[in-house]
Amino acid sequence: MITDAFFARDACAVARELVGAVVRRRVGDLWLSARIVEAEAYYRDEKGSHSWLGRTPSREPMFAPAGTLYLYWSQGGDSLNVSVGEPGDAVLIKAAVPVVDAVSGPESLEAMHALNPRRDGGRRPDHRLCSGQGLLCRALDLRIADWNGRRFDAHSFFFESSPGAPVVQARRIGIPADRDAKLPYRFVHADFARSATKNPITARSLTEGPDWWRLATGVRPMPSHGLPS
DNA sequence: CCAAAGATGCGCT
DNA sequence: GCGCATCTTTGGG
């Protein structure tokens, strides 16, 4: 289980290292599991961050000690964040892929499909089951009312580190143009780009360019802000 | 009221 | 697979 000390660091470092980590969530008798394939860092003093929108009761977990869950509603569904670093910083868990292993068997995967069917009732392909921040919360039955402001808990919901994933860094997406929209604080698992949010990586056929670049794994520390050197 | 760190369906290639 | 219009629901002014 990833500990509080892991979260109490620079938001970009945390976001980057969460790519590849596994989310474990117990629902009834089953553990539902997903591997994080996309995460974004947000800092208190940049306009893309919810912190910048103002400190309100529902956003209070953004300012709580690192490792506190912050769930908010966006168009289409609930979204999962973790407070990190300095008060007001957070990491948004943007996409994942389901995991079937010794902890979560095929019946867990079926439970996730049952929790997150297509709107017409049909079944999603596995690689699209959690391919968005709202879809992930649905597939894991994570709701604002239950989890906003709470902390990780080895009994029912935690992250499990899985270092060494090949990570690419890219510009954030989905942010209004006048609010620091293009900051490069998005981190994507290079092997699962097709399960990430619609983004320049998949659009450019995995050719490096101005919008994204590959990072060395586990070697170079991330600067707090700005591009890697 | 309405913008929002989205999701979906549709037409197209 | 992709781009785009449309639909969605909530917190906050």
Side-chain angles (χ1 to χ4, degrees), chain A residues 11-12 14-16 18-19 36-63 68-85 88-97 112-113 115-149 169-188 192-207 209 211-212 225:
Chain A
C12 277
V14 173
R16 174 191 179 184
L18 280 180
V19 171
I36 296 169
V37 302
E38 183 181 17
E40 287 178 345
Y42 288 87
Y43 294 90
R44 183 191 60 191
D45 292 323
E46 43 108 343
K47 297 186 207 168
S49 171
H50 280 192
S51 300
W52 189 83
L53 296 175
R55 189 164 178 166
T56 67
S58 64
R59 293 190 198 116
E60 193 60 25
M62 288 281 294
F63 301 88
T68 303
L69 296 164
Y70 166 54
L71 277 73
Y72 70 95
W73 183 275
S74 184
Q75 317 164 116
D78 303 40
S79 301
L80 172 65
N81 302 251
V82 187
S83 73
V84 302
D89 301 347
V91 168
L92 167 66
I93 310 303
K94 220 167 158 59
V97 291
M112 292 168 70
H113 275 290
L115 282 164
N116 187 22
R118 291 192 325 218
R119 193 145 70 187
D120 66 5
R123 181 187 181 88
R124 298 174 197 277
D126 287 353
H127 78 280
R128 287 285 174 207
L129 181 58
C130 321
S131 66
Q133 60 206 53
L135 300 174
L136 174 65
C137 286
R138 276 193 227 164
L140 297 180
D141 195 28
L142 295 171
R143 298 157 177 273
I144 299 171
D146 296 333
W147 286 99
N148 192 32
Q169 180 170 5
R171 300 186 189 287
R172 289 191 312 218
I173 55 179
I175 312 243
D178 60 344
R179 299 230 317 259
D180 291 343
K182 309 237 168 180
L183 290 173
Y185 298 163
R186 186 157 61 106
F187 300 87
V188 180
F192 295 96
R194 68 177 191 155
S195 294
T197 311
K198 294 262 176 73
N199 63 65
I201 294 173
T202 50
R204 288 164 196 258
S205 303
L206 291 171
T207 302
D211 289 331
W212 76 274
H225 292 261

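Since the structure is predicted, the reported quantities are computational estimates derived from the model, not experimental observations. By convention in this document, chain letters (A, B, ...) are assigned in the order of the sequence lines, proteins followed by strands, and residues within each chain are numbered from 1.
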Practice prompt. Select base, sugar-phosphate, or nothing to describe what A:G77 touches, counting heavy atoms under 4.0 Å on all strands.
Written response: nothing
Practice prompt. Answer yes or no: are there more than 12 heavy-atom neighbours, outside A:R143 itself, under 6.0 Å from its atom CZ?
Written response: no
Item to complete: Could you check how far CG of A:D78 sits from C1' of B:dG6, rounded to whole Å?
Response: 12 Å
Worksheet item: Rounded to whole angstroms, how far apart are CG on A:L53 and P on C:dG11?
Response: 15 Å
Worksheet item: In terms of heavy-atom contacts, does CZ of A:R124 have more than 12 from other residues, nucleotides or ligands at under 6.0 Å?
Response: yes
Discussion item. Output the rounded distance in Å from CZ (A:R138) to P (C:dT8).
Written reply: 13 Å
Worksheet entry | Sub-4.5 Å side-chain heavy-atom contact between A:N148 and A:E60 | no
Worksheet entry | Length of the CG-C1' vector between A:L71 and B:dA4, whole Å | 16 Å
Worksheet entry | Nucleotide forming a Watson-Crick or wobble pair with B:dG11, both distances under 3.5 Å | C:dC2
Worksheet item: So does A:R59 get a side-chain nitrogen or oxygen closer than 4.0 Å to the phosphate oxygens (OP1/OP2) of C:dG11?
Response: no
Discussion item. If I take atom CD in residue A:Q75 and atom P in nucleotide B:dA7, what distance separates them, rounded to the nearest angstrom?
Written reply: 9 Å
Discussion item. Output the rounded distance in Å from CG (A:N116) to P (B:dG6).
Written reply: 16 Å
Worksheet item: Which listed nucleotide (B:dA4, B:dA7, C:dG12) is nearest to the side chain of A:T56?
Response: C:dG12
Fill in: Between C:dG11 (C1') and A:H50 (NE2): distance, integer Å
11 Å
Worksheet item: Any side-chain N or O of A:S58 less than 4.0 Å from the OP1 or OP2 oxygen of C:dG11?
Response: no
Practice prompt. Considering non-hydrogen atoms only, spot the tightest contact between A:S79 and A:Q133 and give its length.
Written response: OG-NE2, 3.1 Å
Worksheet item: Distance check: side-chain N/O of A:R128 vs OP1/OP2 of B:dA7, anything under 4.0 Å?
Response: no
Item to complete: Could you tell me whether the side-chain ring of A:W73 sits stacked on the base of C:dG11, using a centroid cut-off under 5.5 Å and a plane angle under 30°?
Response: no
Fill in: Phosphate OP1/OP2 of B:dG9: any A:R118 side-chain N/O under 4.0 Å
no
Worksheet item: For A:G48, does its backbone N or O pair with a side-chain atom of A:D180 as donor and acceptor, under 3.5 Å?
Response: no
Discussion item. Considering every strand and a 4.0 Å limit on heavy-atom distances, what is the contact class for A:I175: base, sugar-phosphate, or nothing?
Written reply: sugar-phosphate
Worksheet item: Would you say A:K94 reaches B:dG6's phosphate, i.e. side-chain N/O to OP1/OP2 under 4.0 Å?
Response: yes
Worksheet entry | Closest-nucleotide 5' rank along DNA chain B - winner of A:R124 and A:G174 | A:G174
Item to complete: Mind calculating the distance between NZ (A:K47) and C1' (B:dA3) to the nearest angstrom?
Response: 17 Å
Discussion item. Students often get this wrong, so: under 4.0 angstrom with heavy atoms, is A:L135 touching a base, only sugar-phosphate, or nothing?
Written reply: sugar-phosphate
Practice prompt. For side chain to side chain donor-acceptor pair (under 3.5 Å), just list the numbers for A:E38 and A:T197, CA-CA rounded to whole Å, side-chain angles, deciding distance to a tenth of an Å, and then say yes or no.
Written response: CA-CA 8 Å; A:E38 183 181 17; A:T197 311; 2.8 Å; yes
Item to complete: Tell me the partner of B:dA5, counting only Watson-Crick (N1-N3 plus N6-O4 or O6-N4) or G-U wobble (N1-O2 and O6-N3) with both under 3.5 Å; none if nothing fits.
Response: none
